[in-house]
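This one's a predicted model, so the numbers in the text were calculated from it and none came from an experiment.
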Amino acid sequence: MFSLLCGAAVILLAVVGVGELLSGPVPTAVDSLSGSISTDFPVEPVQIPVNISSRDIDSSVRGWLVHGKRGAGAVLLVHSLRSNRVEMLSRGKFLNEQGYTVLLIDLRGHGETPGDRITFGLRESEDVEASVAYLRNTFPAERIGAIGVSLGAAAIVLANNPLRLDAVVLESVHATIEEAVKNRLRLHLGEFGPILSPLLLAQLSFRLNISPEELNPLSKIDNLNAPLFLISGTDDQHTKVAETERLFDAARQPKEIWIVPGGGHFNMHAYAGKEYENRISDFFEWYLRKRD
């Protein structure tokens with residue numbers, strides 16, 4: 001009996017630890033890097049106000065803005081879980097070289113944007129809404145696109161208010177929070193890990209005061225009223241190809257999908273290189289460039 005109790009205690013502690021790891025904030029002094037970024041990519045630090053009641057400290061999103069050519073379009077870049085805007089630098093550079101204005105942001109609880117908890121896209125969507133509104137107000141004549149990776153992609157999809165976007169790229173985004181949790185438990189704890197998913201989901205729901213059903217991009221992707229490009233990797237164990245295909249089926253037209261051979265749950269630009277750039281460039285060229 002004692003050994004069973006000890007085993008149960010170990011399992012409970014493991015679940016609590018994973019819950020803290022997944023939802024705990026990851027502050028990083030990102031803006032201090034702006035002076036060391038090469039002069040051919042001169043970033044301008046910005047703070048974007050977020051008028052919401054759920055932010056109890058400082059209601060502003062930190063980011064970098066890089067101006068492009070007038071009429072070429074602007075792109076919002078949104079990083080993955082437990083990362084920050086630095087992750088999106090390589091994408092920002094190649095897009096800016098093509099003339100796009102780019103805005104790289106830290107989601108709440110990441111980088112230099114304050115936040116007590118990571119909410120897997122739900123409250124982070126308010127940061128995305130504010131950032132899109134900032135681009136619309138600052139560049140009223142431009143068409144606006146967005147690239148979101150993992151958490152960043154979920155934050156785009158889960159927005160409560162319609163995002164005024166002209167093109168959207170979603171990379172490595174889960175279909176449901178239940179599948180995301182099961183996939184991660186399997187990776188960390190082996191094949192029996194998913195058995196613990198109800199415990200972890202209940203703990204996250206308690207920590208965040210959020211119903212798990214609110215965290216399912218699959219149920220909201222049809223709300224995206226913009227051309228969509230979905231990207232996933234064949235070897236991604238965090239987000240399976242079948243999840244991406246279900247998201248694709250549920251999304252509105254026009255839409256495209258690219259399943260990257262050998263791609264995992266990591267920086268797809270770094271992995272696929274020129275092919276990534278060519279596909280993204282073609283997509284944004286069609287939907288963001290102004291035509292006579």
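Of the listed residues (K240, H238, R184, R246), just one forms a side chain to side chain donor-acceptor pair (under 3.5 Å) with E179, and that residue is R246. R108 pairs with exactly one of D127, T113, D116 by the side chain to side chain donor-acceptor pair (under 3.5 Å) rule, that one being D127.
Of the N and O atoms on the side chains of S80 and S150, not one donor lies less than 3.5 Å from an acceptor on the other residue. With no hydrogens or angles considered, a side-chain donor-acceptor pair links N183 and E243 at under 3.5 Å. Residues R123 and S125 have side chains that never bring a donor and an acceptor to within less than 3.5 angstrom of each other. Side chains of Y100 and E142: a donor-acceptor N/O pair is absent below 3.5 angstrom, by distance only. If you check the side chains of E178 and T176, you find no donor sitting under 3.5 Å from an acceptor. Between the side chains of E277 and H269, at least one donor N or O sits under 3.5 Å from an acceptor N or O.
Minimum interatomic distance between S131 and L76 (heavy atoms only, all atoms of both residues): CB-CD1, 3.8 Å. Contact between G233 and M268 at its shortest, heavy atoms only, is N-CE, 3.9 Å. The heavy-atom pair separating V181 from S197 by the smallest distance is CG1-CB, 3.9 Å. Closest approach of P25 to G115, counting heavy atoms only: CB-O, 3.4 Å. When every heavy atom of Q98 is checked against every heavy atom of S281, the shortest pair comes out as NE2-OG, 2.7 Å. Between K220 and A159, the shortest heavy-atom distance links the atoms NZ-O, 3.4 Å.
A heavy-atom distance below 4.5 Å is not found between the side chains of R279 and F284. When side chains are defined from C-beta on, L65 does not count as touching V102, because their heavy atoms never get closer than 4.5 Å. Taking 4.5 Å as the limit, some side-chain heavy atom of L103 sits within range of a side-chain heavy atom of I48. Between P254 and Y287, some side-chain heavy-atom pair lies under the 4.5 Å cut-off. Looking at V75 and R143, their side chains never come closer than 4.5 Å, going by heavy atoms from C-beta outward. Side-chain contact between H79 and L107 is present, with heavy atoms from C-beta onward closer than 4.5 Å. Between I231 and S172 the shortest side-chain heavy-atom distance does not fall below 4.5 Å. Side-chain contact check for Y134 versus V46: some heavy-atom pair is nearer than 4.5 Å.
Hydrophobic clustering (side-chain heavy atoms under 4.5 Å, transitive across Ile, Leu, Val, Met, Phe, Trp, Tyr) groups I105 together with F139. Note on I210 and L158: separate hydrophobic clusters, where clusters join Ile, Leu, Val, Met, Phe, Trp and Tyr whose side-chain heavy atoms are under 4.5 Å apart, directly or indirectly. Hydrophobic clustering places V169 together with F266 (ILVMFWY residues linked when any side-chain heavy atoms are closer than 4.5 Å, directly or through intermediates). When the side chains of ILVMFWY residues are joined at heavy-atom separations under 4.5 Å, either directly or via intervening members, L204 and L151 end up in a single hydrophobic cluster. Hydrophobic clustering of Ile, Leu, Val, Met, Phe, Trp and Tyr side chains at less than 4.5 Å, counting indirect connections, keeps V26 apart from V30.
Taking NE2 of H67 as the start and OG1 of T138 as the end, the distance is 8.0 Å to the nearest 0.5 Å. Put simply, CG on N96 and OG1 on T101 are 7.0 Å apart, with the number rounded to the nearest 0.5 Å. Note that CG of L77 is 4.5 Å distant from CG of L104, once rounded to the nearest 0.5 Å. Taking CG of L163 as the reference point, atom CG of N223 lies at 10.0 Å (rounded to 0.5 Å). Distance check: I144 CD1 to L135 CG gives 5.0 Å after rounding to the nearest 0.5 Å. For the atom pair CG (L228) and CD1 (I221), the distance works out to 5.0 Å, reported to the nearest 0.5 Å.
Under the 4.0 Å criterion applied to side-chain N and carboxylate O atoms, R186 and E191 are assigned as salt-bridge partners. Between E171 and R91, at least one side-chain N (NZ, or NE/NH1/NH2) sits under 4.0 Å from a carboxylate O, which counts as a salt bridge. Comment: D106 does not engage R62 in a salt bridge, judged by the lack of any side-chain N to carboxylate O separation of less than 4.0 angstrom.
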Next item on the list: For side-chain contact (heavy atoms from CB on, under 4.5 Å), just list the numbers for E214 and I177, CA-CA rounded to whole Å, side-chain angles, deciding distance to a tenth of an Å, and then say yes or no.
Entry: CA-CA 9 Å; E214 297 178 82; I177 191 66; over 6 Å; no
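When the side chain to side chain donor-acceptor pair (under 3.5 Å) test is applied to R136, the partners found at least two apart in sequence or on another chain are D166. Under the ring pair (Phe, Tyr, Trp, His ring centres under 6.0 Å) criterion, F229 pairs with F283, not counting sequence neighbours.
A distance-only check finds a donor-acceptor pair linking the side chain of E124 to the backbone of G121 [under 3.5 Å]. Under a 3.5 Å cut-off, the side chain of E275 and the backbone N or O of A272 do not form any donor-acceptor pair. Although no hydrogens or angles enter the test, the distance criterion places a donor-acceptor pair under 3.5 Å between the side chain of T234 and the main chain of G262.
Residue pairs meeting the side chain to side chain donor-acceptor pair (under 3.5 Å) criterion with at least one member in residues 247-262, sequence neighbours excluded, are N225-R252.
A centroid separation of 6.0 Å or more is found between the aromatic rings of Y271 and H265. Ring to ring, F120 and H174 are not that close: their centroids are 6.0 angstrom or more apart.
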